[in-house]
Amino acid sequence: MEKRDKIYEGKAKILYTTDDPNLIIQYFKDDATAFNAAKRGTIAQKGVMNNQISTKIFEFLKEEGIPTHYEKTLSDREMLVKKVDIVPVEVIIRNVAAGSLCRSLGIEEGKELSCSILEFCYKEDKLNDPLINEYHIRALGLATDEEVETIKKYTFKINELMTRFFNSLNIDLIDFKLEFGRFEGQIILADEISPDTCRLWESGTGRKLDKDRFRKDLGNIEEAYQEVLNRVSK
Ligand code: ADP
Ligand code: UDP
């Protein structure tokens, strides 16, 4: 599959067209950003590791019946995916309190939540991806009610599947972000799932194996991503 024109360069990936109008290539970069790009850096080999980690997770979810954009991993940094019309809403699931939930509600990091929390954020960097709810989505026409129902159904299912998947690797899935898109009229899972988009804590020790090592300058960032890759590759 030939890479053709660059169509978009984001913070972590570059998108290229291919000779098939329905397929694009996601190229994973080493660039890392946090706090809406206020903090920037690079994590050596991150793109390579995230491409492989995302591949494993998308393959697993596909096997479990979740419709996804994933087609094929082409190289170290390149993944062939279906070109979707991205729903401009980031979908977050939280199983344990961390990050912005702690900051906004004054909750201690690590507090168990008695049920998982689903959040929506409007995907608009200029506005800092503000938290919204289903009424905002309807009022602004970001997605139809039916699409929102489908997205919620898939998200809770994915949470169940990924929690089980990571638990079997001795990792606790604390929270994560998903993006969905429209392909031939259907909602499918898109973007990536990696330590950039999930909080992953080693079971028992609580050792952070995700982008919080970069956000909080905890050191050993590459080692943490590599550890996740080693475990998902088993
Ligand atoms: P950002 O845009 O937030 O800086 P990235 O650097 O990860 O993020 O860029 C990847 C972009 O590609 C994101 O905007 C994401 O919504 C979009 N995207 C992900 N999967 C697909 C897909 N299958 N088709 C079209 N766009 C996609
Ligand atoms: N997340 C993400 N992209 C975003 C915002 C959040 O992948 O633009 C992920 C983040 O890695 C974490 C979860 O979503 O796993 C919840 O993020 P939170 O709102 O706590 O983000 P913070 O403000 O702490 O980065």
Side-chain angles (χ1 to χ4, degrees), residues 6-17 24-29 31-40 46-47 50-51 53-54 57-58 61 66-70 79 81-94 98-101 103-104 116-159 162 173-199 210-212 214-215:
K6 187 198 269 199
I7 43 177
Y8 175 80
E9 176 154 6
K11 299 184 290 290
K13 299 189 287 299
I14 306 175
L15 306 180
Y16 295 93
T17 57
I24 57 170
I25 292 171
Q26 282 192 319
Y27 176 95
F28 287 76
K29 305 193 286 182
D31 298 344
T33 59
F35 313 114
N36 200 31
K39 181 180 170 100
R40 288 173 183 274
K46 174 172 80 82
N50 279 358
N51 188 25
I53 295 167
S54 215
I57 298 174
F58 272 85
L61 293 175
I66 304 290
T68 87
H69 71 163
Y70 179 76
M79 182 188 283
V81 298
K82 293 189 174 82
K83 180 179 187 180
V84 304
D85 166 28
I86 288 283
V87 175
V89 173
E90 296 192 340
V91 186
I92 292 173
I93 283 272
R94 302 176 182 277
S100 64
L101 184 78
R103 292 197 297 276
S104 60
S116 300
I117 298 175
L118 178 138
E119 292 177 354
F120 296 116
C121 293
Y122 179 36
K123 191 172 148 56
E124 183 56 83
D125 283 343
K126 285 195 301 251
L127 303 174
N128 254 320
D129 296 345
L131 187 67
I132 55 174
N133 66 32
E134 291 178 42
Y135 291 88
H136 297 85
I137 296 178
R138 183 183 306 132
L140 302 180
L142 304 180
T144 66
D145 289 0
E146 194 190 347
E147 287 173 333
V148 171
E149 286 311 312
T150 305
I151 288 171
K152 288 197 300 188
K153 182 184 79 182
Y154 287 155
T155 300
F156 284 118
K157 182 70 189 160
I158 292 166
N159 186 39
M162 283 186 22
L173 178 61
I174 304 304
D175 59 28
F176 60 92
K177 182 266 304 179
L178 301 175
E179 292 185 28
F180 292 89
R182 305 176 183 97
F183 184 79
E184 295 174 347
Q186 299 299 312
I187 288 289
I188 66 175
L189 179 65
D191 205 52
E192 68 177 280
I193 301 180
S194 71
D196 273 11
T197 66
C198 302
R199 284 194 172 89
D210 57 60
K211 201 163 93 174
D212 269 353
F214 170 78
R215 294 190 186 96

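Residue numbers count from 1 along this sequence.
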Those residues at least two apart in sequence (or on a different chain) that pass salt bridge (Lys or Arg N to Asp or Glu O under 4.0 Å) with Lys29 are Glu9, Asp31

If you count every heavy atom of other residues, nucleotides or ligands that lies below 6.0 Å from Lys83 atom NZ, does the total exceed 12? no

Please report the closest heavy-atom contact between Phe214 and Ala32, naming both atoms and the distance. CZ-O, 3.7 Å

So CG of Leu189 and CD of Glu179: to nearest 0.5 Å the spacing works out to 9.5 Å

Just verifying a value: how many Å separate Ile93 CD1 and Leu173 CG, rounded to the nearest 0.5 Å? 9.0 Å

Any side-chain to backbone donor/acceptor pair from Asn36 onto Asp125? Under 3.5 Å, distance only. yes

A side-chain contact here means heavy atoms from C-beta on lying under 4.5 Å apart; do Tyr122 and Leu127 qualify? yes

Above 12 or not: heavy atoms from other molecules or residues under 6.0 Å from CZ of Phe35? yes

Those residues at least two apart in sequence (or on a different chain) that pass salt bridge (Lys or Arg N to Asp or Glu O under 4.0 Å) with Glu119 are Arg94

So which atom in Tyr135 and which in Asn133 form the shortest heavy-atom distance, rounded to 0.1 Å? N-OD1, 2.8 Å

Holding to salt bridge (Lys or Arg N to Asp or Glu O under 4.0 Å), I want the full list of residues that pass it with Lys13, two or more places apart in sequence or in another chain. Asp191, Glu192

SG-CE distance between Cys198 and Met162, expressed to the nearest 0.5 angstrom: 4.0 Å

Side chain to side chain contact (heavy atoms under 4.5 Å, CB included) filter on Glu134, not counting sequence neighbours, yields Phe120, Val148, Glu149, Lys152

I'd like to know if Arg199 and Asp175 make a salt bridge, using a cut-off of under 4.0 Å between side-chain N and carboxylate O. yes

Could you check if a side-chain atom of Leu140 sits within less than 4.5 angstrom of a side-chain atom of Ile132, using non-hydrogen atoms only? no

From CD1 (Ile151) to CD (Glu146), nearest 0.5 Å: 11.0 Å

Closest non-hydrogen atoms of Phe58 and His69, given as atom of the first, atom of the second and distance, are CE2-CD2, 3.7 Å

Of all residues at least two apart in sequence or in a different chain, which pass the ring pair (Phe, Tyr, Trp, His ring centres under 6.0 Å) check with Phe176? none

Mind listing the closest non-hydrogen atom pair of Tyr70 and Val81 along with its distance? CA-CG1, 4.3 Å

Can you name the nearest heavy-atom pair linking Ala190 to Ile86, along with the distance? CB-CD1, 3.9 Å

Are Gln26 and Leu15 close enough that some pair of their side-chain heavy atoms sits under 4.5 Å apart? yes

State which residues pass side chain to side chain contact (heavy atoms under 4.5 Å, CB included) with Asp85; sequence neighbours excluded, sorted by chain then number. Arg182

Neighbour count above 12 (heavy atom, 6.0 Å) for Gln186 CD: no

d(Thr68 OG1, Ile57 CD1) to nearest 0.5 Å is 12.0 Å

Closest heavy-atom pair, Ser54 versus Ile193, reported as atoms and distance to 0.1 Å, is OG-N, 2.9 Å

At what distance, to the nearest 0.5 angstrom, does OG1 of Thr155 lie from CD1 of Ile92? 11.0 Å

